[in-house]
Amino acid sequence: MSEFYSEKDVQREVTDLEGKSATAAKLFDIRRIIGGLFVIYGVIVTIAGLTASDADIDKAEGVNINLWTGLGMLVLGLFFLAWLKLRPVAPPPPGVVPEGEPRE
């Protein structure tokens, strides 16, 4: 049994697939992953720095290394997330084949 699709149905299907592809590209952008991980780990290390004992600080020669490292990780993670927000990835225009992929 053969089904026939109108040009309108095909165009709607192509538009839906392009939308899904753009959503997947945004979701798996490496900046989102790196930024999210740095923010999560930054929060954990900052909390460890805020709750550090005097003995822990004395081991690091008077520097609360967990606090400073955690704050640095938070800043870096927020930088990546801000970069993602300010410069989102644009999907390639239709008909453009990415480099390295064979043309059909």
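Residues: numbered from 1 along the sequence shown. The basis for the numbers below is simple: all heavy atoms, side chains too, and nothing from hydrogens, waters or symmetry mates. As the structure is a prediction and not an experimental result, all values here were calculated from the model.
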Exercise. Would you say I30 and M73 are hydrophobically clustered, going by side-chain heavy atoms of ILVMFWY under 4.5 Å?
Worked result: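 I30 and M73: one cluster.
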
Exercise. Given the rule that I, L, V, M, F, W and Y join up when any side-chain heavy atoms are under 4.5 Å apart, are L78 and I44 in one cluster?
Worked result: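 Cluster IDs for L78 and I44 differ.
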
For this session: To the nearest 0.5 angstrom, please state how far the CG atom of L74 sits from the OG1 atom of T46.
Result: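 One gets 4.5 Å once the value is rounded to the nearest 0.5 Å.
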
Using atom types as modelled, flag every donor-acceptor pair under 3.5 Å from a side chain in residues 33-43 to any protein atom, sequence neighbours excluded.
none

Ignoring hydrogens and angles, write down the donor-acceptor pairs under 3.5 Å from the side chains of residues 55-70, residues two or more places apart or on other chains.
from : atom 1 : to  : atom 2 : distance (Å)
D56  : OD2    : S53 : OG     : 3.3
N64  : OD1    : L67 : N      : 3.4
N64  : ND2    : G49 : O      : 2.8
T69  : OG1    : I65 : O      : 2.7

For this session: Search all heavy atoms of R31 against all heavy atoms of L81 and return the closest pair with its distance.
Result: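 Residues R31 and L81, closest heavy atoms: O-CD2, 4.3 Å.
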
